Amino acid sequence: SLPRGEAAAKDALSANVLARSERQKLNKIVIFGDTLQPYLDEAMLTTEGLKIIKSASLEELMSDGNAKAALWQALRTTAQS
């Protein structure tokens, strides 16, 4: 049977994100909103060289110009590093 629970979900999702980033040769990901953040092992992903950019939810980005500006700033900053 498959492992269950929050820790298993966190391990599975983080491993999937890492595998996809390696296949697609990505070194950055954007997380929109707070829903997935508890299910990602950010320490493991950053140790593996993946830069995580946290953003407001898509709904917030559509309605709040300040949230959109903050995301653009974060994207510009990480593009330069």
Side-chain angles (χ1 to χ4, degrees):
S1 88
L2 293 173
R4 295 178 181 226
E6 188 173 327
K10 190 174 194 174
D11 290 345
L13 181 59
S14 298
N16 185 284
V17 167
L18 185 60
R20 286 177 178 258
S21 71
E22 289 173 350
R23 276 195 308 273
Q24 296 176 0
K25 299 187 180 2
L26 303 174
N27 61 357
K28 299 173 185 73
I29 61 167
V30 178
I31 301 173
F32 294 95
D34 298 329
T35 306
L36 287 179
Q37 289 182 17
Y39 298 103
L40 281 174
D41 185 342
E42 293 183 32
M44 184 270 287
L45 294 173
T46 55
T47 298
E48 294 293 329
L50 201 55
K51 172 69 177 163
I52 298 172
I53 302 165
K54 295 181 184 178
S55 171
S57 69
L58 294 176
E59 182 178 312
E60 288 176 80
L61 291 171
M62 297 297 288
S63 64
D64 182 353
N66 290 329
K68 199 181 308 181
L71 174 57
W72 278 115
Q73 181 60 42
L75 292 170
R76 278 193 294 273
T77 299
T78 57
Q80 295 169 354
S81 58

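The residues of the chain are indexed from 1 along the displayed sequence. If you're wondering where the values come from, they're calculated on a predicted model, not measured in any experiment.
Within a 6.0 Å radius of OH in Tyr39, no more than 12 heavy atoms belonging to other residues, nucleotides or ligands are found. Heavy atoms from other residues, nucleotides or ligands lying under 6.0 Å from CD of Glu22 number more than 12. Sparse packing is recorded around NZ of Lys51, with 12 or fewer heavy atoms of other residues, nucleotides or ligands lying under 6.0 Å away.
In this structure, Leu61 and Lys68 approach most closely via the heavy-atom pair O-CE, 3.2 Å. What you find for Ala79 and Lys28 is that their closest heavy atoms are N-CE, 4.2 Å. When every heavy atom of Glu6 is checked against every heavy atom of Pro38, the shortest pair comes out as OE2-O, 4.3 Å.
The backbone N or O of Leu75 sits less than 3.5 Å from a side-chain atom of Thr78, completing a donor-acceptor pair.
Linking Ile, Leu, Val, Met, Phe, Trp and Tyr whenever their side-chain heavy atoms come within less than 4.5 Å leaves Leu45 and Ile53 in two separate clusters. Residues Leu50 and Leu36 share a hydrophobic cluster, clusters being chains of Ile/Leu/Val/Met/Phe/Trp/Tyr side chains in contact below 4.5 Å. No path of Ile, Leu, Val, Met, Phe, Trp and Tyr side chains, each step under 4.5 Å between heavy atoms, connects Leu40 with Phe32, placing them in separate hydrophobic clusters. Transitive grouping of hydrophobic side chains (ILVMFWY, heavy atoms separated by less than 4.5 Å) keeps Ile29 and Leu71 in distinct clusters. Leu26 and Ile52 fall into different hydrophobic clusters, where Ile, Leu, Val, Met, Phe, Trp and Tyr side chains are chained together by heavy-atom contacts under 4.5 Å.
Put simply, OG1 on Thr46 and CG on Asp41 are 8.0 Å apart, with the number rounded to the nearest 0.5 Å. The structure places OG of Ser57 at 13.5 Å from CD1 of Ile31, a figure rounded to the nearest 0.5 Å.
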